[in-house]
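Some notes on the structure that comes next.
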Amino acid sequence: MVLYLPQNHVRLAEASINGIVRRMVNLPRSILGGFSRVMNGGRRNRTLPSSYQYQILQQDTPYVPEEWSFLTSFQYQYGSMHPFFYACRFAEALKIAEDDHKFLFLYLHSPDHPFTPSFCEDTLCSELVVQFLDANFICWGALANRGEGLQMAITLGATSFPFCAVIAPAPGESITVLQQLEGPLSPADLVEILQRTLEEQGSAFGSSKLKREEKIKADRRIREEQDKAYLAALKQDKERERLKNPPLVLPKKAMDERLKQNSPIKQQGRVKETTFTRETPNKDPANKGKDSHPSSQILIRFPNGEKRERRFSSMDKVKSIYSYVDSLGLPGTENYRLIASFPRRVYGTDEMNMTLKDAGLHPRASLFLECQ
């Protein structure tokens, strides 16, 4: 079905692609405003000031910004073992999913619904579901009774809770609802439905992804050709300039004087001085063995959607990643832990002195930063 929401009217129509029925949903203007900001400014830093964020996570302040309201409420009641929900606006989460070539898993949280506690504790926070969602989806949650959560509940026609949906970007001012789940589900049932959705809908969207990748490659080729043409033109301009202004020919007397100044006898002292300044400084012996080890590429994802990538030696310790994060000085990183998604593994105090290779973070790994 195709669902349009122009102002306050709803119209239904049928749409089927490769035998798979999907819903196309037009978003409200308030959420579309978030899309324009994301497209104009890229991913914005949504992290709160560190001291204020710590107060929010500890539930010591009466006001919680909209982007943090769901995560704060959920984590306060059910703990930190949950899918990696991005604390940002819906438009930003959808953009992250599009950039990472993943579908968006949307969860609307209704705290007062009788099915909510058991669903959150037994299903959404189960290790099976957490690992599967973190590995295959970008997750976004919101409170169903306020802000963007309420708007999405109305837009998607949520009639029962718990409410989950699998969403993909669509052209224009729309999103594609690939799967919609209402009511309680066991962990195995939820993973089975999501796996089937990935297999069926992923193939349906494969051609569009391929076209986007081909367009990116074509644009890259065009830029490379433009760069080559620019460099060739620049070389021609320099050659023309050289022909216009030929090099100055020194008189014989001036040439003889220059030869005398450059004689080996006069240059002897300079040669020695030059040789001394070109000596390479002695390297720390502790680093010589380290440089010979292969490198590990580590990608770190922050709750606000920001990514940082850095190369370490495979023999560096896990604590070196923590030192790198601390050196960034980003707000909200005073109390955190690093987590691998699939299989889920927490790199805490016990793993600090493990090498990246022994910790399974070589040759490359993706880690989530989870605030505590």
Side-chain angles (χ1 to χ4, degrees), residues 23-48 53 56 64-75 82-109 124 129-130 132-144 146-156 158 162-181 194 197-198 201 205 209 299-308 332 339 341 366 368-371:
R23 286 198 307 148
M24 299 288 291
V25 178
N26 278 18
L27 295 169
R29 289 182 179 178
S30 56
I31 294 181
L32 285 175
F35 272 107
S36 63
R37 283 190 291 274
V38 171
M39 297 307 294
N40 291 334
R43 296 184 188 179
R44 295 176 297 137
N45 191 335
R46 306 295 303 176
T47 307
L48 299 169
Q53 185 188 56
I56 288 176
V64 178
E66 182 63 33
E67 292 84 349
W68 285 89
S69 58
F70 160 71
L71 188 58
T72 302
S73 171
F74 189 94
Q75 192 160 300
H82 56 72
F84 188 88
F85 290 105
Y86 280 85
C88 59
R89 299 195 61 175
F90 174 80
E92 293 171 311
L94 192 64
K95 183 66 169 59
I96 294 171
E98 184 177 13
D99 292 344
D100 289 359
H101 302 292
K102 292 183 177 180
F103 294 139
L104 179 74
F105 176 82
L106 176 143
Y107 169 64
L108 298 181
H109 185 63
L124 199 57
V129 172
V130 170
F132 187 81
L133 286 176
D134 286 349
N136 298 285
F137 292 88
I138 296 298
C139 298
W140 183 82
L143 296 174
R146 59 183 284 188
E148 288 194 332
L150 177 60
Q151 296 172 23
M152 292 305 298
I154 297 173
T155 301
L156 299 176
F163 181 92
C164 306
V166 177
I167 292 173
E173 301 175 350
S174 306
I175 56 174
T176 306
V177 182
L178 306 177
Q179 184 64 261
Q180 186 165 313
L181 306 171
L194 294 176
T197 303
L198 284 175
Q201 306 287 18
F205 275 84
K209 285 185 180 180
L299 175 67
I300 304 171
R301 298 172 180 266
F302 295 83
N304 63 341
E306 186 176 352
K307 295 180 184 178
R308 293 295 178 95
I339 298 174
S341 60
S366 178
F368 294 100
L369 187 146
E370 183 179 87
C371 297

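Excluded from the calculations below are hydrogen atoms, water molecules and symmetry mates; all remaining heavy atoms, backbone and side chain alike, are included.
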Legend entry - With Ser366 via side-chain contact (heavy atoms from CB on, under 4.5 Å) - residues at least two apart: Leu299, Arg301
Legend entry - From CG (Asp134) to NE2 (His82), nearest 0.5 Å: 9.5 Å
Inset, instruction - Calculate, to the nearest 0.5 Å, the distance between atoms CD and CD1 belonging to Gln180 and Ile167 respectively. - result: 8.5 Å
Legend entry - Identified side-chain contact (heavy atoms from CB on, under 4.5 Å) partner of Phe70 from the options Glu148, Arg146, His109: His109
Legend entry - Working for salt bridge (charged side-chain N to carboxylate O under 4.0 Å, His left out), residues Asp99 and Lys307: CA-CA 12 Å; Asp99 292 344; Lys307 295 180 184 178; over 6 Å; no
Legend entry - Considering all heavy atoms, the nearest Thr176-Ala170 contact: OG1-CB, 3.3 Å
Legend entry - Between CG on residue Leu198 and NZ on residue Lys102, distance to nearest 0.5 Å: 10.5 Å
Legend entry - Gap between atom CG of Leu108 and atom SG of Cys164 - 0.5 Å precision: 8.0 Å
Inset, instruction - Name all residues meeting the ring pair (Phe, Tyr, Trp, His ring centres under 6.0 Å) criterion together with Tyr86; count only those two or more places apart in sequence or in a different chain, and write none if there are none. - result: Phe84
Legend entry - Heavy-atom side-chain contact between Leu194 and Val129 under 4.5 Å: no
Legend entry - Gap between atom CZ of Phe74 and atom CG of Leu124 - 0.5 Å precision: 4.5 Å
Inset, instruction - Could you tell me which non-hydrogen atom of Ala93 sits nearest to which non-hydrogen atom of Cys88, and how far apart they are? - result: N-SG, 3.7 Å
Inset, instruction - Find out whether Leu156 and Leu106 are in side-chain contact, i.e. whether some heavy atom of one side chain is under 4.5 Å from a heavy atom of the other. - result: yes
Inset, instruction - Taking all heavy atoms of Ala153 and all of Ala144, pick out the closest pair and write down the distance. - result: CB-O, 4.4 Å
Inset, instruction - Measure the shortest side-chain to side-chain distance between Phe90 and Ile175 over non-hydrogen atoms and say whether it is less than 4.5 angstrom. - result: yes
Legend entry - CZ on Phe163 to CG on Leu181, rounded to 0.5 Å: 8.5 Å
Inset, instruction - Just say parallel, tilted or perpendicular for the rings of Phe85 and Tyr107, cut-offs at 30° and 60°. - result: tilted
Legend entry - Phe105 side chain near Asn136 side chain, heavy-atom distance below 4.5 Å: no
Legend entry - Student check: side-chain heavy atoms of Trp140 and Ile96 closer than 4.5 Å: no
Legend entry - Heavy-atom closest contact (Leu178 atom, Ala168 atom, distance): CD1-CB, 4.0 Å
